> 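Provided herewith is a single structure, encoded as structure tokens, for subsequent inquiry.
Nothing here was measured: the structure is a model prediction, and the numbers come from that model. Numbers restart at 1 for each chain; the letters A, B, ... are given by sequence-line order, proteins then strands.
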Amino acid sequence: MIELLWIFLSAMVINNFTLALFLGLCPFMGVSARVETALRMGAANIFVLVLTSLIVSFLNAFVLSNAPYLRIISFIVVIASLVQVVETVIKKASPTLFRELGIYLPLITTNCAILGLAIFQTNRDYGLLEGLAFAVGAGCGLTLALVLMASIREETELADLPSIARGMGLVLIIAGSLSLAFMGFAGLLSST
Amino acid sequence: VRETTRQEDVLRGIWRENPVLIQLLGLCPALAVTNNVENSLAMGLATLFVLCGSSLLVSLGRRFIPGEVRISVYILIIATFVTVADLSLEALVPDIHKALGAFIALIVVNCMILGRQEAFASKRPVGRALLDAVGTGVGFSVALVMLGAVRELLGNGSLLGFPLFGPSYEPWIVMILPPGGFLTLGVLLFGLAWWQERRSQRVEAPEPKGALGPEVIATAGISLPNRSNTMGEAQ
């Protein structure tokens, strides 16, 4: 139990997917202008991450031990079809939620955080429960980074900035500062 | 679509529409592996290989790939070449393969590659598609090596492993850690914005238009940061 907690914490803050491992930067840059949309994107990500983790555990246990060279291909196929299925189900079950998530749902397929999770989980030999803790932690970490970034960007909108700092350069510098702050968590765990 | 010359096809990707510095695509590998020049170069070349291979196949098969499933087909083609690159690097240069880790496999989800297939290779003959792939791949490698050189020089005081500043140099460790990636690219973008501003003040020229339309970005699942408004409307 303690070990699962550590996996969760480590994925969420110490090795934060966005700020320490540079995974999922596209939504981090593109969808972080408003806190509300950032939260929704984060929620959608947690959902897909957990489902991916479940399927990857299954694939690793029953299929890929016989054919490791199929790993990358099968992971991406699984993720693409998973996102498609989730999209269809949500569209039928709850049209309101579907409208709210909008384009963010299909965008998740090419989010490197999802494939990254699948590969890290395999490389570290995580089982079913460990994988789930890892996925939830990674998802919460992504959401945390997105929401932090969005709150800071909302503030900078009214700030008096020099004209060269109005583009993505500023977002990257803010991300750098956040990443610097998150490095402080590295002391929490001595062996990662 | 305005017809372009062969020369433009190659040069466009290297500078004017540089995937990393101008279009901000493929940022994950561009920041993650560029803590020294060697890794940056390996990543750039691996991406170049995958991009050329997939552009070749996509362009060859452009008449046979049904429109409804084209994105999945492109991803499968890209994943195949990434597997080839992954296994070859593991066999030929195991040290670099270990240093790049999961990021070789993550070339599959590099938006830049999918973007070139959707926007260019799927509509052009093989020769043109290859020229464009080479240009974009070289542009990506150049940007990566630039980032890697700055970070290695400041963070380690060396270039390609050779120490340059002598033993009294105190390295900025932070530059080879994750924050250094964000900060280096941020400062580079500031510099570019400053340069462009000065140039546009001198010549009143219209902004060069990007190669990807919003429609393409939506289908290929690519988010160009400065288009976040269009994405907001979609919800």
Side-chain angles (χ1 to χ4, degrees), chain A residues 19-34 37 40 69-73 75-77 79-81 99-104 106-116 119-120 123 163-183, chain B residues 24-25 27-33 71-72 75-76 78-80 82-83 86-87 101-106 108-111 114 174 177-194 196-197 218-235:
Chain A
L19 296 170
L21 300 174
F22 303 103
L23 297 172
L25 282 184
C26 290
F28 185 62
M29 301 286 165
V31 204
S32 61
R34 292 266 166 284
T37 40
R40 260 184 231 148
Y69 52 88
L70 280 180
R71 195 190 277 170
I72 299 172
I73 296 181
F75 283 170
I76 195 74
V77 170
I79 292 169
S81 21
R99 251 200 323 278
E100 285 189 352
L101 286 175
I103 189 151
Y104 306 137
L107 274 180
I108 291 177
T109 313
T110 45
N111 183 341
C112 21
I114 314 287
L115 186 62
I119 290 167
F120 280 124
N123 285 353
S163 56
I164 59 160
R166 292 197 181 277
M168 288 321 280
L170 181 72
V171 180
L172 282 161
I173 299 285
I174 297 174
S177 329
L178 279 178
S179 166
L180 210 53
F182 266 68
M183 279 183 57
Chain B
L24 297 172
L25 295 176
L27 283 188
C28 304
L31 296 176
V33 301
I71 302 284
S72 328
I75 289 205
L76 270 186
I78 296 170
T80 314
V82 171
T83 309
D86 190 27
L87 294 177
F103 284 95
I104 299 178
L106 287 173
V108 181
V109 281
N110 187 331
C111 343
L114 192 60
V174 70
L177 294 174
F182 287 117
L183 296 176
T184 313
L185 186 60
V187 172
L188 252 170
L189 289 183
F190 280 170
L192 261 178
W194 177 74
Q196 274 176 344
E197 204 177 78
T219 32
I222 298 159
S223 62
L224 273 187
N226 51 8
R227 294 190 199 268
S228 49
N229 294 336
T230 16
M231 294 177 49
E233 279 161 25
Q235 45 166 319

> Measure B:Asn110 against the heavy atoms of chain A and call it side chain, backbone, both or neither at under 4.5 Å.
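No part of it gets close to chain A.
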
> In terms of heavy-atom proximity below 4.5 Å to chain A, should B:Thr80 be classed as side chain, backbone, both, or neither?
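Both parts, backbone and side chain.
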
> Given heavy-atom pairs under 4.5 angstrom as the criterion, report whether the side chain, backbone, both or neither of B:Val174 touches chain A.
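It is the side chain, since no backbone atom gets that close.
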
> Are A:Leu23 and B:Phe103 side-chain neighbours, meaning at least one heavy-atom pair lies under 4.5 Å?
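A:Leu23 reaches B:Phe103 side chain to side chain.
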
> Between atom CG of B:Leu177 and atom CE of A:Met183, what is the distance when rounded to the nearest 0.5 Å?
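Spacing of CG (B:Leu177) from CE (A:Met183) equals 4.5 Å.
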
> Closest approach of A:Gly116 and B:Leu106, non-hydrogen atoms and distance?
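A:Gly116 and B:Leu106 have their closest heavy atoms at N-CD2, 3.6 Å.
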
> Under the side chain to side chain contact (heavy atoms under 4.5 Å, CB included) criterion, do B:Leu24 and A:Met29 qualify, and how do the steps go?
CA-CA 9 Å; B:Leu24 297 172; A:Met29 301 286 165; over 6 Å; no

> Working to the nearest 0.5 angstrom, can you tell me the gap between A:Arg71 CZ and B:Leu87 CG?
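That separation rounds to 9.5 Å.
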
> With chain B as the partner, which of A:Phe22, A:Phe120, A:Phe182 has the greatest number of non-hydrogen pairs under 4.5 Å?
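Of the candidates given, the most pairs with chain B belong to A:Phe22.
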
> Which value, rounded to the nearest 0.5 Å, describes the distance between A:Leu172 atom CG and B:Phe190 atom CZ?
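Rounded to the nearest 0.5 Å, the CG-CZ separation comes to 8.5 Å.
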
> Under a 4.5 Å heavy-atom cut-off, does chain B meet the side chain of A:Ile173, its backbone, both or neither?
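Its backbone and side chain both get close to chain B.
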
> What part of A:Ser32 is in contact with chain B, defined as an atom under 4.5 angstrom from a non-hydrogen atom: side chain, backbone, both or neither?
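For A:Ser32, no heavy atom lies under 4.5 Å from chain B.
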
> Using a cut-off of under 4.5 Å on heavy-atom pairs, state which of A:Ile174, A:Leu178, A:Leu115, A:Ile114 scores highest against chain B.
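Most heavy-atom pairs under 4.5 Å with chain B: A:Leu115.
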
> Which of these passes side chain to side chain contact (heavy atoms under 4.5 Å, CB included) with A:Ile76: B:Val82, B:Ile78, B:Val108?
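Of the listed options, the one satisfying the test is B:Val108.
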
> Does some side-chain heavy atom of B:Ile75 sit less than 4.5 Å from a side-chain heavy atom of A:Val77?
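Side-chain contact under 4.5 Å: no.
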
> Below 4.5 Å, heavy-atom pairs only: which of A:Gly24, A:Ala181, A:Ser177, A:Ser163 has the largest tally toward chain B?
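Looking at each of A:Gly24, A:Ala181, A:Ser177, A:Ser163 in turn, A:Ser163 comes out on top.
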
> Side chain, backbone, both or neither: which part of B:Ser72 has a heavy atom under 4.5 Å from chain A?
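Neither part.
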
> Please identify, among B:Pro179, B:Ala79, B:Ala193, the residue contributing the most non-hydrogen atom pairs under 4.5 Å to chain A.
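Option with the greatest count: B:Pro179.
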
> Is A:Ile119 in contact with chain B via its backbone, its side chain, both, or neither, using a 4.5 Å heavy-atom distance?
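Only the side chain of A:Ile119 comes within 4.5 Å of chain B.
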
> May I ask you to name which of A:Gly169, A:Ser81, A:Ala80, A:Ala20 has the most heavy-atom pairs under 4.5 Å with chain B?
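Option with the greatest count: A:Gly169.
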
> Drop me the distance from A:Ser179's OG to B:Leu183's CG, to the nearest 0.5 angstrom.
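Reported to 0.5 Å precision, the distance equals 7.5 Å.
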
